[in-house]
Amino acid sequence: MPRGKKGSSTPRLLVEKPQSESTDDASTNPADRPLRVKGITFLKDENGPAHHTDEFVENCVVRRGQSFFVDLLFNKEFNQKSDKLTIELQSGPNPLPNKGTMLRLPVGDAVKEGEWSAAVEKADGENVKVRITSPSDAIIGRYIVFVETMSAGKRFRSGRIISYFVLLFNPWCKGDQTYLDDDTKLEEYVLNEHGYQYFGHKDNISQRPWCFGQFEPGILETCLLLLDYSGLKDNAKRSAVWVSRAMSKMVNSNDDDGVLVGKPSGPYLDGTPPVSWNGSVEILLQWLQERQPVKYGECLSFSGVMTTVLRCLGIPARSITNFESAVDTDATLTFDKYVDDQGNPLWTGDYMWMFHLWNEAWMTRPDLPGGYGGWQAVDATPQYVSNGVYQCGPCPVSAVKNGQVYLPFDTRFVFAAVNADVMIFQIFADDEFTHVEKLAVRKSAVGWNISTKKVGCNEREDITENYKHPEGTDQERVAVREAARYGSYPEAYEDVIKKEDVEFYVNSHAKIKIGEDVLITLYMKNNSKESRHVTSHLTANASYYTGTPAGKIGELEKDVTVEPGGEGFVDMKFTPKEYLDKLVEQAIIKVFVMAHVDTTKQVYVGEHDFRLVSPDLILKAPSEMTVGQQSNVTVEFTNPLDVKLSQAVFRMEGPGLQKPRTIPHPPIGPKKTVTLTEPITPGKAGKKTIVASFTSDKLQQVTGEKEVVVKKPSA
């Protein structure tokens with residue numbers, strides 16, 4: 001059973017027994033009977049639109065710092081002059097007044113804005129409409145509601161009627177820590193249930209749709225449970241800083257039996273391959289039902305689930321992709337690569353992801369000096385231990401840009417991911433001693449095309465400038481050196497690198513589709529006035545997106561003489577038969593290059609990786625549908641390969657349209673086209689998106705989507 005803290009128990013609702021009824025209750029005179037609450041109703045039709053919570057299926061979800069209404073039904077007519085009401089609210093497993101988790105609100109004539117208070121809005125016989133306000137820094141979570149009455153000297157407390165509401169962060173409220181003064185951004189970063197994730201290579205960016213589904217049935221309950229299990233103290237649940245940090249550890253399973261088990265490489269025989277998920281809903285509901293970590297996830301699914309959880313709790317959030325993302329394991333604030341005296345790469349701890357996804361959450365930072373509010377990086381992928389736990393952030397993006405890596409939380413780690421210089425060292429060893437020589441510094445190898453979905457449309461937005469000054473500018477170089485001062489290798493920039501007069505560049509040609517020939521070229525440009533003889537060695541491996549090799553595809557060694565001021569090249573080519581059986585998830589090929597200029601002893605060490613492009617699924621459906629009426633969706637897929645695809649599985653889902661569904665399919669022959677027709681019955685009106693994916697033994701990350709408009713049934 002997951003627990004937020006060792007030794008703690010699952011939070012339980014506190015329910016009080018009603019006081020015993022007095023003999024006066026049987027009085028034949030209604031005026032002499034004590035005033036009792038017979039029902040407590042939250043007015044969703046009013047509260048929902050006003051609080052932007054009407055998409056939740058629960059009827060008692062509101063946002064802090066704003067009034068909401070509750071309807072009380074009594075056993076007799078309410079007398080506003082003589083009858084007294086008190087609203088008592090309890091949150092957490094052990095409500096106490098001094099902790100702010102037990103609140104008693106006398107119901108008066110007017111509410112007090114900016115604090116917990118209650119007032120009669122309207123009294124009509126046995127029905128009383130009560131307005132309740134909360135402060136903009138109130139504890140978020142579930143509140144149990146009790147109503148206490150005092151009439152004719154008799155007191156009654158509503159113990160049998162269990163009612164509650166859920167209080168969320170309120171980015172529409174100026175006093176809230178998550179306040180965002182832009183309705184279009186609020187629509188995108190809080191209310192939008194559909195988005196995109198970007199992956200692949202910096203020169204060949206792919207996108208896939210993702211269903212966040214933060215308003216789907218059961219998701220709010222799951223998020224509240226994660227909040228309870230996180231171990232956060234009650235007072236910390238006021239703060240978006242601490243809630244987002246806690247959720248970054250609860251979305252992974254490493255420390256608290258959280259949502260997802262990370263596994264970026266197969267096999268996945270006892271779980272679901274990470275590339276198969278279409279959205280967060282199926283993952284979160286499986287965790288809710290089983291209370292066990294869900295197998296399996298990688299950074300795309302960790303980021304997708306994190307976006308869902310933050311948006312559900314009311315924190316504006318978005319998924320972010322960084323291409324050529326460095327993982328600095330020794331806190332040098334540089335990405336260190338080592339080769340032996342023959343130029344062969346040595347494993348040293350640091351590693352480079354072709355791409356990596358994390359999140360940004362919008363909030364002020366009252367714990368920091370002014371100027372560090374706004375977007376904060378948070379990362380739920382369990383690749384970094386912070387304060388003894390697999391969690392990361394929130395980290396001010398503005399601090400990353402300027403190299404202020406001493407600010408919390410985990411700014412050093414995020415800085416290295418987007419702007420570390422690559423330092424290449426060569427190790428010479430013999431029986432007596434080991435000598436290390438710095439070969440080169442690559443100043444623009446890390447942090448490319450940092451991407452997120454653009455507000456209000458389905459396009460990609462490049463936000464690299466938020467994380468770093470333009471590469472090579474004085475501002476960017478100052479930020480890099482400033483950061484290095486706080487790393488474990490502050491002398492990184494004190495020595496001098498040898499002069500290099502031959503430029504090298506590795507390129508794969510255009511967008512290569514899976515099943516096509518692969519051509520890789522090493523280009524060389526001689527900037528000197530003398531000829532240069534270059535010995536080059538290229539090795540191609542199938543690779544996981546984390547940079548871990550999966551199997552060798554081939555290698556090539558070739559000598560080239562480059563004339564003064566001239567150019568040279570080396571081509572490396574592979575056919576599908578040579579690479580297809582070696583590919584793993586994401587269909588990535590990584591090329592390692594070692595080149596040696598004989599005349600000057602210049603050494604070039606480089607890596608180039610690229611992803612083979614998968615085909616798309618074609619989805620067909622009526623452009624308009626009606627709530628409660630069945631429609632058909634057709635999914636079409638063509639096998640682009642000359643081999644049979646086995647272990648074929650289609651998945652389909654769409655918030656408000658279709659619950660996640662898995663559809664196994666028989667093997668699909670070479671170049672064959674298959675078509676699936678699935679019935680769906682929309683449950684919510686509005687613009688909705690159907691998302692589908694396909695996986696098999698040799699082809700994965702195949703996706704498609706279809707946007708539809710769902711109308712309410714005519715009267």
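Every heavy atom of this structure was used, including side-chain atoms; hydrogens, water molecules and symmetry mates were not. Numbers here are sequence positions counted from 1.
You'll find the side chain of L43 stays beyond 4.5 Å of the side chain of F68, heavy atoms only. For the pair W172/V190, a side-chain contact is recorded, criterion being any heavy-atom separation below 4.5 Å from C-beta on.
Between the side chains of Q701 and Q586, a donor-acceptor pair is found at a separation under 3.5 Å.
The two residues V251 and M306 come nearest to each other via the heavy atoms CG2-SD, 3.9 Å. Nearest heavy-atom pair, Q197 versus L300, reported as atom, atom and distance to 0.1 Å: NE2-O, 2.6 Å. When all heavy atoms of G403 and F415 are compared, the closest pair comes out as CA-CE1, 3.9 Å. Between P622 and S631, the closest heavy-atom pair is CG-CB, 4.3 Å. Counting all heavy atoms, side chain and backbone alike, W375 lies closest to P316 at CZ3-O, 3.9 Å. When every heavy atom of M247 is checked against every heavy atom of S230, the shortest pair comes out as CE-CB, 4.1 Å.
Checked against the 6.0 Å centroid criterion, the rings of W362 and F169 do not qualify as a close aromatic pair. A centroid separation of 6.0 Å or more is found between the aromatic rings of Y384 and Y390. A distance of 6.0 Å or more separates the ring centres of W277 and Y296.
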Worksheet item: Can you list the steps and then say if V613 with N204 is a side chain to side chain contact (heavy atoms under 4.5 Å, CB included)?
Response: CA-CA 9 Å; V613 179; N204 184 11; 3.5 Å; yes
Item to complete: Take I680 and M625, measure what side chain to side chain contact (heavy atoms under 4.5 Å, CB included) needs, and give me the verdict at the end.
Response: CA-CA 10 Å; I680 64 172; M625 298 182 182; 3.7 Å; yes
Worksheet item: Is there a side chain to side chain contact (heavy atoms under 4.5 Å, CB included) between C395 and V400 once you walk through the steps?
Response: CA-CA 8 Å; C395 155; V400 173; 3.4 Å; yes
Item to complete: May I have the step-by-step check of side-chain hydrogen bond (donor to acceptor under 3.5 Å, both in side chains) for N632 and E678, ending in yes or no?
Response: CA-CA 6 Å; N632 288 330; E678 292 295 318; over 6 Å; no
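Under a 4.0 Å N-O distance rule, the pair D462/R460 qualifies as a salt bridge. Ionic pairing of E653 and R661 is not present here: no N-O contact between side-chain nitrogen and carboxylate oxygen is shorter than 4.0 angstrom. Salt bridge present: D256 and K249 bring a charged side-chain N and a carboxylate O closer than 4.0 Å. Salt bridge R318/E360: present, at least one basic N to carboxylate O contact under 4.0 Å. Salt bridge status for E121 with K129: absent, with no side-chain N to carboxylate O gap under 4.0 Å. Contact check on K237 versus D228 returns a salt bridge, with a Lys/Arg side-chain nitrogen under 4.0 Å from an Asp/Glu carboxylate oxygen. By the 4.0 Å N-to-carboxylate-O rule, K468 lies too far from E465 to be salt-bridged with it. Using a 4.0 Å cut-off between charged nitrogen and carboxylate oxygen, K454 and E188 do not count as a salt-bridge pair.
The CG atom of L260 sits 8.5 Å away from the CG atom of N252 when rounded to the nearest 0.5 Å. Here the CG-OG1 distance, from N322 to T464, works out to 8.0 Å after rounding to the nearest 0.5 Å. Put simply, CD on Q475 and NZ on K401 are 7.5 Å apart, with the number rounded to the nearest 0.5 Å. The CZ atom of F56 sits 11.0 Å away from the CD atom of E216 when rounded to the nearest 0.5 Å. For the atom pair CG of L180 and OG1 of T364, the computed distance is 12.0 Å after rounding to the nearest 0.5 Å.
Ring geometry, F355 versus Y545: the interplanar angle falls under 30°, so the pair is classed parallel (tilted spans 30 to 60°). Using bins of under 30°, 30° to 60° and over 60° for the plane-to-plane angle, the ring pair W353/H356 lands in the perpendicular bin.
Within the 3.5 Å criterion, the main-chain N or O of A236 finds no donor-acceptor partner in the side chain of S239. One N or O on the side chain of W448 and one on the backbone of S444 form a donor-acceptor pair closer than 3.5 Å. Remark: side-chain polar atoms of K659 are not paired, donor with acceptor, to backbone N or O of V281 under 3.5 angstrom.
For the pairing with H194, the side-chain hydrogen bond (donor to acceptor under 3.5 Å, both in side chains) check across K453, K687, K688, E705 returns one residue only, E705. Results of the side-chain hydrogen bond (donor to acceptor under 3.5 Å, both in side chains) test with R651 over N278, T703, T662 single out T662 as the only residue that passes. Each of S280, S319, S303 was checked for a side-chain hydrogen bond (donor to acceptor under 3.5 Å, both in side chains) with W210, and the lone residue meeting it is S280.
Residue pairs meeting the side chain to side chain donor-acceptor pair (under 3.5 Å) criterion with at least one partner in residues 132-141, sequence neighbours excluded, are S117-T133.
With F212 as the aromatic partner, R311 meets the cation-pi criteria of under 6.0 angstrom to the ring centre and within 45 degrees of the ring axis.
For CD of Q630, the number of neighbouring non-hydrogen atoms (other residues, nucleotides, ligands) closer than 6.0 Å is greater than 12. Annotation for W116: atom CH2 counts as buried by contact number, over 12 foreign heavy atoms lying within 6.0 Å.
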